[in-house]
A.B. asks: 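Mind having a look at this structure? Questions to follow.
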Amino acid sequence: MQKPLHRYSTLAAFWHWLAAALVIGQFTTGWLFHKVYEKGTPERADWFEWHKTLGAALILVVLFRLLTRFFTTAPKQPERLPAWERLAGGISHFLLYVFMVAIPLGGLMAVSDKGGMVGLKFGLAFPAVPGVTEAVADWAGDAHETYVWAFAALLGVHLLAAVYHQSRRDAAAGRMPPFKR
């Protein structure tokens, strides 16, 4: 009989923490280029290029994260948790994935109205979304920004839930390495 899986795999944890670091970088660079520096300044352009570069990296990391999730078993929700907590955890994790796909793709659409490739740091480039008009790019940019705020709120709930479960050392604690129950 196989022992039940109670923790995420090392690979799943790697993608989780790498995505977390990139999301923090995205919030930081997005805020810097959008709120701190004036339009048309070289500093704003530099931070925007960092934002696009981290966004492209996040798209790839989320893809690898989803592939890992598809090919490896995730730990089951602990049966000892109340049903409402298991339901809330499942819904919130699903929405986190939705936002981690929708936000970078919306950002990519917002800069795809010129077609071709989107310039990134280090001379790298990422393929633009084909067929995006200026109107669609504007809409995608607005949606991108709106979704970021909803994602930030959901991340706050996710962090509070993680701290709550870890502080109680309950059945949900320690499922994501390196934390332990």
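It should be emphasised that the depicted structure is a prediction, and the values quoted were computed from it without experimental measurement.
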A.B. asks: Taking the side chain as every heavy atom from C-beta outward, state whether Met100 and Arg65 have any atom pair closer than 4.5 Å.
C.D. replies: yes
A.B. asks: Sequence neighbours excluded, which residues qualify as side-chain contact (heavy atoms from CB on, under 4.5 Å) partners of Ile91?
C.D. replies: Leu87, Leu95
A.B. asks: On a heavy-atom basis, which atom in Gly106 and which in Ala140 lie closest, and how many Å separate them?
C.D. replies: O-CB, 3.5 Å
A.B. asks: Going by side-chain contact (heavy atoms from CB on, under 4.5 Å), name the residues that satisfy it together with Thr133, two or more places apart in sequence or in a different chain.
C.D. replies: Ala135, Val136
A.B. asks: With sequence neighbours excluded, what pairs up with Phe27 under the ring pair (Phe, Tyr, Trp, His ring centres under 6.0 Å) test?
C.D. replies: none
A.B. asks: Run the ring pair (Phe, Tyr, Trp, His ring centres under 6.0 Å) test against Phe48 and tell me which residues pass, sequence neighbours left out.
C.D. replies: Phe33
A.B. asks: Enumerate donor-acceptor pairs with a distance under 3.5 Å from any side-chain N or O in residues 34-42 to protein atoms, sequence neighbours excluded.
C.D. replies:
residue	atom	partner	partner atom	Å
Thr41	OG1	Glu38	O	2.8
Thr41	OG1	Arg44	N	3.2

A.B. asks: Return the set of residues passing side-chain hydrogen bond (donor to acceptor under 3.5 Å, both in side chains) with Asp46 (not counting sequence neighbours), or none when no residue passes.
C.D. replies: Lys121
A.B. asks: Taking only residues at least two apart or on different chains, which pairs with a member in residues 117-145 satisfy ring-ring contact (aromatic ring centres under 6.0 Å, His included)?
C.D. replies: Trp50-Phe122
A.B. asks: If a pair satisfies side-chain hydrogen bond (donor to acceptor under 3.5 Å, both in side chains) and one of its residues is in residues 24-33, list it, with sequence neighbours excluded.
C.D. replies: Gln26-His51, Thr29-His51
A.B. asks: Same cluster for Val157 and Leu81 if Ile/Leu/Val/Met/Phe/Trp/Tyr side chains link at under 4.5 Å?
C.D. replies: no
A.B. asks: Please identify each residue that fulfils side-chain contact (heavy atoms from CB on, under 4.5 Å) with Leu67, with sequence neighbours left out.
C.D. replies: Leu63, Phe64, Phe71
A.B. asks: Taking the side chain as every heavy atom from C-beta outward, state whether Val111 and Val132 have any pair of such atoms under 4.5 Å apart.
C.D. replies: no
A.B. asks: What pairs with Glu49 under side-chain hydrogen bond (donor to acceptor under 3.5 Å, both in side chains), at least two apart in sequence or on another chain?
C.D. replies: none
A.B. asks: Show the nearest heavy-atom pair for residues Asp113 and Ala137, with the distance to one decimal.
C.D. replies: CB-CB, 3.8 Å
A.B. asks: Please evaluate residues Leu108 and Val118 with respect to the criterion side chain to side chain contact (heavy atoms under 4.5 Å, CB included), reporting the C-alpha separation (whole Å), side-chain torsions for both, the decisive distance (0.1 Å), and the verdict.
C.D. replies: CA-CA 8 Å; Leu108 180 60; Val118 176; 3.9 Å; yes
A.B. asks: Sequence neighbours excluded, which residues qualify as side-chain hydrogen bond (donor to acceptor under 3.5 Å, both in side chains) partners of Thr68?
C.D. replies: Trp15
A.B. asks: Considering non-hydrogen atoms only, spot the tightest contact between Gly90 and Gln77 and give its length.
C.D. replies: N-NE2, 3.5 Å
A.B. asks: Keeping to residues at least two apart or across chains, list the ring-ring contact (aromatic ring centres under 6.0 Å, His included) pairs with something in residues 86-118.
C.D. replies: His93-His158, Phe99-Phe151
A.B. asks: State, yes or no, whether a side-chain contact exists between Arg7 and Pro75 at a heavy-atom distance under 4.5 Å.
C.D. replies: no
A.B. asks: If I compare all heavy atoms of Ser9 with all of Thr72, which pair ends up nearest, and what's the gap?
C.D. replies: OG-OG1, 4.5 Å
A.B. asks: Closest heavy-atom contact between Met117 and Pro127?
C.D. replies: SD-CA, 3.6 Å
A.B. asks: Quick one: does Ser112's side chain have a donor or acceptor within less than 3.5 Å of a partner on Ala128's backbone?
C.D. replies: no
A.B. asks: Please report the shortest heavy-atom distance between Gly55 and Pro104, naming the atom on each side.
C.D. replies: O-CB, 4.1 Å
